[in-house]
Amino acid sequence: TMVDFIEEPFTVISPRYQHKLSCIFHRKRNPYVDDQNREHIVILCHGYLSNKNALFLPQLSRDISDLTTNQFHSVRFDFHGCGESTGRDEWDYGGYENEAKDDLRSIVEYLRNKNEKYFIRGLIGHSRAGTTVLLYTLYYDDIPIVVNIAGRYRLELAIGRRQNLDRNQIENIHQVKVLNIEAGKDDVVPCDDIYLYQAQLKNTKKSEVGIVPNANHLFTGKERELINIIQPWIQQSID
């Protein structure tokens, strides 16, 4: 069978720190086009010191759509200091805000400026990036669907120096639908962290918790179950 996508590497220079962010555009050959003639893109964000091709991210790029659903493009990228991106010397364990406001924001703006046909439909973040995509949403609230996969809420347990990070402001997120996914046997982040996020997201259009039973923090061997939860969420109406 002919592969129904092509993957194109590209680079984005972040405006504030001039990091070269290494990206992959996963382009569907027959993309969904909405009534405003837009093609939809989902941005995938990797976890702590990981990279854009790690774990389930390439498979998730392929399977955001299946043959019976709307075909969405996706972009995955390396945060600064990770993978093939520059900025290793400036990477900071507590630097979530820079990841949201500099790295992720620059990719969103790059795509919006590149082609008026592109519409950023969703953000998906795993682990550390689950926190990053929620912070992005707190700052900008301009992408309709957000998926937080096993994100850490009580960051002070990990960072050692207490960083409040505006998490108590997450209740100010309004315009999005958020899915929080718990790994049932998470060996890195306490499982109930997801419910701390869920409690804060009471003012959003919609928020739900999904659980992948018996999954560890990396969803090893449970990639299919994870993607089966994410796919319908990304496919739902964005109105």
Side-chain angles (χ1 to χ4, degrees), residues 3-5 7 24 26 28 32 40-79 82-83 99 104 120-137 143-153 158 176-198 201 204 206-238:
V3 178
D4 67 343
F5 65 88
E7 294 205 326
I24 292 174
H26 179 100
K28 301 293 185 190
Y32 166 73
H40 292 216
I41 300 174
V42 179
I43 300 177
L44 313 184
C45 303
H46 68 76
Y48 171 66
L49 292 185
S50 187
N51 69 79
K52 61 184 176 296
N53 291 319
L55 305 174
F56 50 80
L57 292 178
Q59 186 183 352
L60 181 56
S61 296
R62 294 190 294 273
D63 296 345
I64 274 171
S65 348
D66 63 28
L67 292 175
T68 65
T69 58
N70 293 328
Q71 300 290 304
F72 303 135
H73 305 306
S74 63
V75 165
R76 53 190 200 271
F77 71 98
D78 296 328
F79 284 106
C82 299
E99 289 180 349
L104 182 50
I120 314 293
R121 179 184 185 87
L123 299 175
I124 302 176
H126 173 237
S127 186
R128 176 185 175 92
T131 307
T132 302
V133 297
L134 285 170
L135 283 176
Y136 175 95
T137 305
I143 292 171
I145 293 175
V146 176
V147 181
N148 161 25
I149 307 171
R152 187 186 286 277
Y153 186 85
V176 299
K177 298 177 179 177
V178 182
L179 173 63
N180 293 297
I181 299 180
E182 174 196 328
K185 293 265 170 61
D186 201 317
D187 46 340
V188 175
V189 172
C191 291
D192 57 347
D193 268 27
I194 285 293
Y195 298 93
L196 298 175
Y197 275 121
Q198 182 69 9
L201 289 163
T204 55
K206 178 180 177 185
S207 67
E208 281 179 19
V209 170
I211 301 173
V212 182
N214 298 316
N216 66 16
H217 186 67
L218 304 180
F219 296 85
T220 312
K222 300 287 179 182
E223 295 86 358
R224 185 76 261 154
E225 291 95 316
L226 173 64
I227 291 169
N228 286 348
I229 291 177
I230 294 172
Q231 191 198 67
W233 190 266
I234 293 295
Q235 290 284 333
Q236 72 177 294
S237 154
I238 56 174

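The figures that follow rest on heavy atoms only: side chains count, while hydrogens, waters and symmetry mates do not.
- Formation of a donor-acceptor pair under 3.5 Å by the Asn148 side chain with backbone atoms of Gly151 is found in this model.
- Among residues two or more places apart in sequence or in another chain, the side-chain contact (heavy atoms from CB on, under 4.5 Å) test is passed with Leu196 by Tyr153, Arg154, Asp193.
- In terms of heavy-atom proximity, Ile234 sits nearest to Ile64 at CG2-CG2, 3.9 Å.
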* Asked: Yes or no on side-chain contact (heavy atoms from CB on, under 4.5 Å) for Asp186 and Val189, after CA distance, side-chain angles and deciding distance?
  -> CA-CA 6 Å; Asp186 201 317; Val189 172; 3.8 Å; yes

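- Using modelled atom types and a 3.5 Å distance limit, the side chains of Arg152 and Ser127 yield no donor-acceptor pair.
- Scanning for salt bridge (Lys or Arg N to Asp or Glu O under 4.0 Å) contacts around Lys222 gives Glu225, with sequence neighbours left out.
- With sequence neighbours excluded, no residue forms a side chain to side chain donor-acceptor pair (under 3.5 Å) with Asn51.
- Between Val146 and Tyr136 there is no side-chain heavy-atom pair separated by less than 4.5 Å.
- Residues passing the side-chain contact (heavy atoms from CB on, under 4.5 Å) test with Lys206, sequence neighbours excluded: Lys177, Glu208, Trp233, Gln236.
- In this structure, the separation between CD on Glu223 and CG on Leu60 is 11.0 Å, given to the nearest 0.5 Å.
- Judged purely by atom type and a 3.5 angstrom limit, Gln198 uses its side chain to pair as donor or acceptor with the backbone of Ser207.
- Listed by chain and number, the residues in a side-chain contact (heavy atoms from CB on, under 4.5 Å) with Gln235 are Ser65, Thr69, Asn70, Phe72, Gln231 (sequence neighbours excluded).
- Interatomic distance, CG of Leu226 versus CG of Leu218, reported as 11.0 Å (0.5 Å rounding).
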Below 3.5 Å, can you tabulate the donor-acceptor pairs from side chains in residues 40-49 to any protein atom, sequence neighbours excluded?
from, atom 1, to, atom 2, distance (Å)
His40, ND1, Arg121, NH1, 3.0
His40, NE2, Asp34, OD2, 2.8
His46, NE2, Phe79, N, 3.1

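- Not a single side chain to side chain donor-acceptor pair (under 3.5 Å) links Thr204 to another residue, sequence neighbours left out.
- For residues 53-71, the salt bridge (charged side-chain N to carboxylate O under 4.0 Å, His left out) pairs, not counting sequence neighbours, are Asp63-Arg224.
- Interatomic distance, CD1 of Ile24 versus CZ of Phe77, reported as 12.0 Å (0.5 Å rounding).
- Atoms CD1 and CD1, on Ile124 and Ile181 in that order, are 8.0 Å from each other to the nearest 0.5 Å.
- Note that NE2 of His26 is 5.0 Å distant from OG of Ser74, once rounded to the nearest 0.5 Å.
- Listed by chain and number, the residues in a salt bridge (Lys or Arg N to Asp or Glu O under 4.0 Å) with Glu99 are Arg128 (sequence neighbours excluded).
- In this structure, Val176 and Ile145 have side chains that are not in contact, with every pair of non-hydrogen atoms separated by 4.5 Å or more.
- Residues that satisfy the side chain to side chain donor-acceptor pair (under 3.5 Å) test with Thr137, not counting sequence neighbours, are absent from this structure.
- For Asn216, the side chain to side chain donor-acceptor pair (under 3.5 Å) criterion is met by Thr220, not counting sequence neighbours.
- Checked against the 6.0 Å centroid threshold, His73 and Phe5 do not count as a close aromatic pair.
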* Evaluate the side-chain contact (heavy atoms from CB on, under 4.5 Å) criterion for residues Val147 and His126: first the C-alpha distance (whole Å), next the side-chain angles of each, then the deciding distance (0.1 Å), finally the verdict. => CA-CA 8 Å; Val147 181; His126 173 237; over 6 Å; no

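- Screening residues 42-61 for salt bridge (charged side-chain N to carboxylate O under 4.0 Å, His left out), with sequence neighbours left out, gives Lys52-Asp78, Lys52-Glu84.
- In this structure, the side chains of Leu55 and Phe219 stay at 4.5 Å or more apart for every pair of heavy atoms.
- With rounding to the nearest 0.5 angstrom, the CD1 atom of Ile149 is 10.0 Å from the NE2 atom of His217.
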